[in-house]
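Have a look at the structure below, then the notes.
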Amino acid sequence: MATYKSLSASLNWPTGQPPSRTTTLITGTLSAEGSILIPHFTNTTFEAQTPVILISFRHTYNHYMHIMRKMGVHTNRHKLQFVNALATGDFSNLPPATRPHFTLNEWPEFFQWLSEQKPSTVILDGVCGLLDVGHNVDSVLQFIGSCQRIVEEKAKDEYAALVVNVLLDEFSELLVRSLVRRAHFLFSFEGLASGASSGVSGQLTVVPGHLLCQLQNAFSPALLHYRVSDTSVQFFSPGQSSTVL
Amino acid sequence: MAMATGLSIKRIAAHQQHSVPLLVLSETAQQTALSLMEAMVREGLGHGLGVVVVCLEQLLSRDIMCQPAVALVDCRPTMAQIGDGSAFLPNGTRQIDLARLDRDVCSQIERISTVSKVSGGFVVVIDDLEPLLNISRVDTLALLRKFRSVAKQCQSSRILARYSRDTADQRTDKGGPHLPLVSNVLRSISDAVVDVYPMSVLGTWMPGWYSNGEPQPFVTLGDNDERRGLLRLEHRRQSGKVGYEVAAFEINEQQRPVFSAVKAVATVEPSAVAAGPDPRQHLPFNLDLTDKQRQDRADVELAYLEAQAGEIHYQMAEEDDWDEDDPDDDLEI
């Protein structure tokens, strides 16, 4: 996926992956979705021969499969495990290709299952959905904090990292402010300050999270513009869209 | 920014000022205080103090935790507690026994004081306060007061705590509808409070800053710089006097804090204004006034000037309440 390589180069991440044992927080808005980075993190993890566990509070397995196929990410059920956090029940009647690997019923049961998996990149998509169904911020932080602890335990010998994607609005701001304190990297997607543009979909600000100071890491904060098309996402420096697109 | 040796924060961080048994660092999502707190812990270790680290969320950096003079009180949920769901209450609050925490910290203080090179001197680092405040604000403040009184017994000892001022009031134990703000309460029991900010806010502290009313982005480039930031110190002295200070901090190569004074007031040099060229010099038209034009302008009678300069006669209505007293009576001028 050549389009994401410009993002990796801007961040000084040679493999495109965040360092092991880290937590990356992605925030987006209604006009600038942060989930466009999920194919990127998935693909870079696959290239490093590491599996991915995707826990979604927003979409079904089909949704992600279609998008990743368009973006050129080759998923298979051995490399990508999907956890449906939207609905509970028995999904055994579903075809194997779309059946989730796990459903989020009782949290301790899920944490037990997660602890038994191989070291992976764990992606939580749409955790603000927990706020929407009535959980308070502390409960959501408890869930994410437990996932974070499990990932850190797994990352002792092999690569494992946590990526959390959340919509930032007035209802989730308190959650996001608390998550920034528990993250090493913050990717903030938002619309252009100057208004909409046909050539540029939005802007991405990448800054350290509170925990980055504990890593000896040569990380470069970045401000980039990006454009989303049907099969790719291109990142470029502000003002360079006519050169790149 | 020139180095200023007279900064209180510099003396406090270097343990040259002993009247700060409880120091609280406050942060926001835009600027972490973690790097400054760890640098101050390293400063304490460098001065031969023993350190007790109370970890509620994350451990401190490895180079600190591996020091022999550092003891850990680990309050993080264990993997077994996460697996069986016993780490948290149903409302998401952590299950922490504050009485046991008190005993563990005091026993570690006793133990670490014996290895401290400064007789009995120690630093207790609480990272961070929010889970404790979430359980019970009253009990947490009582705990802090107790630790503070223990620290006061040894001149160079200190309690160092970190909390998030942009989330604490909304996430911590409510207790009742009229509880004071967490930040106000912590200020009342602390000897010093350090609020950290990103360097980018310095421009907003200067007079003349103008906002066009547009909402500010959640993060900007330069936020959460782990190497530098801005701080505002509020230092309550034993005499009751409260001192305020604004400084910049930087974490140097040795991971120690370096403080410098900040000029937060914009000044304009008068000579710079006077020395500029006259903008009317090379214009194709004349902006100067002749003497006759000046006189004619002074002779213009303003239509409503008489009405403005004269007395105002006001007819009081039934609902009016006339006050005979001079409203400026309480001014001591």
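Residue numbers begin at 1 in each chain, while the letters A, B, ... track the order of the sequences. We use all heavy atoms of the structure for the numbers below, so side chains are in, but hydrogens, waters and symmetry mates are not. What you are looking at is a predicted structure, and each value in this text was computed from that prediction instead of being measured.
- When all heavy atoms are compared, the tightest approach of A:Thr205 to B:Leu221 is CG2-N, 3.9 Å.
- Between the side chains of A:Arg177 and B:Gln30, at least one donor-acceptor pair of N or O atoms lies under 3.5 Å.
- Going from atom OG of B:Ser35 over to atom CG of A:Leu211 covers 11.0 Å, rounded to the nearest 0.5 Å.
- Looking at B:Arg94, neither its backbone nor its side chain comes within 4.5 Å of chain A, counting heavy atoms on both sides.
- Looking at A:Leu168, only its side chain comes within 4.5 Å of chain B, counting heavy atoms on both sides.
- The pair A:Arg181-B:Glu57 does not count as a salt bridge, with every side-chain nitrogen at least 4.0 angstrom from each carboxylate oxygen.
- Nearest heavy-atom pair, B:Gly83 versus A:Pro108, reported as atom, atom and distance to 0.1 Å: O-CB, 3.2 Å.
- Looking at B:Gln81, there are no atoms closer than 4.5 Å to chain A (heavy atoms on both sides), in backbone or side chain.
- For B:Arg100, the CZ atom counts as loosely surrounded, since its 6.0 Å shell holds 12 or fewer non-hydrogen atoms of other residues, nucleotides or ligands.
- Note: B:Val219 leads B:Val219, B:Leu89, B:Thr28 in heavy-atom pairs under 4.5 Å with chain A.
- When the candidates A:Cys213, A:Pro221, A:Gly209 are compared by the number of heavy-atom contacts under 4.5 Å with chain B, A:Cys213 comes out ahead.
- A distance of 8.5 Å separates CG of B:Asp166 from CG of A:Leu174, quoted to the nearest 0.5 Å.
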Chi angles and distances behind the side-chain contact (heavy atoms from CB on, under 4.5 Å) call for B:Asn134, A:Asp138: CA-CA 9 Å; B:Asn134 210 9; A:Asp138 293 308; 3.0 Å; yes

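- Side chains of B:Asn224 and A:Leu212 form no contact here, defined as non-hydrogen atoms less than 4.5 Å apart.
- Only the backbone of A:Val206 comes within contact range of chain B, judged by heavy atoms closer than 4.5 Å.
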Pair B:Arg162-A:His210, side-chain contact (heavy atoms from CB on, under 4.5 Å): steps then yes or no: CA-CA 12 Å; B:Arg162 180 171 77 111; A:His210 282 208; 4.2 Å; yes

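- Between A:Val207 and B:Asp223, the shortest heavy-atom contact is CB-O, 3.9 Å.
- Residue contact with chain B, scored on non-hydrogen atoms closer than 4.5 Å, is absent for A:Glu106.
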Test log, rule side-chain contact (heavy atoms from CB on, under 4.5 Å), inputs B:Phe88 and A:Ser146: CA-CA 10 Å; B:Phe88 299 90; A:Ser146 300; 3.8 Å; yes

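- Summarising the geometry of B:Ile82 relative to A:Arg149, their closest heavy-atom pair is CD1-CB, 3.7 Å, with the distance given to 0.1 Å.
- Looking at B:Ser86, neither its backbone nor its side chain comes within 4.5 Å of chain A, counting heavy atoms on both sides.
- Summarising the local packing, CD of A:Glu170 is surrounded by more than 12 heavy atoms from other residues, nucleotides or ligands at distances under 6.0 Å.
- If you measure heavy-atom distances from A:Ser115 to chain B, the contacts under 4.5 Å come from the side chain alone.
- Between chain A and the options B:Arg62, B:Arg76, B:Gln31, heavy-atom pairs under 4.5 Å are most frequent for B:Arg76.
- Residue contact with chain B, scored on non-hydrogen atoms closer than 4.5 Å, involves the side chain of A:Leu186 exclusively.
- For a residue to count as touching a neighbouring chain, one of its non-hydrogen atoms must lie under 4.5 Å from one of that chain's; by this rule B:Leu59 touches chain A with the backbone only.
- With a 4.5 Å cut-off on non-hydrogen atoms, B:Asp63 does not touch chain A at all.
- Contacts of B:Asp84 with chain A are made by backbone atoms alone, with heavy-atom separations under 4.5 Å and no side-chain atom involved.
- Using a 3.5 Å distance cut-off with no hydrogens or angles, the side chains of A:Gln214 and B:Glu226 do not pair a donor with an acceptor.
- Contact record, B:Phe218 with A:Glu173: CE1-CG, 4.5 Å, taken as the closest heavy-atom pair.
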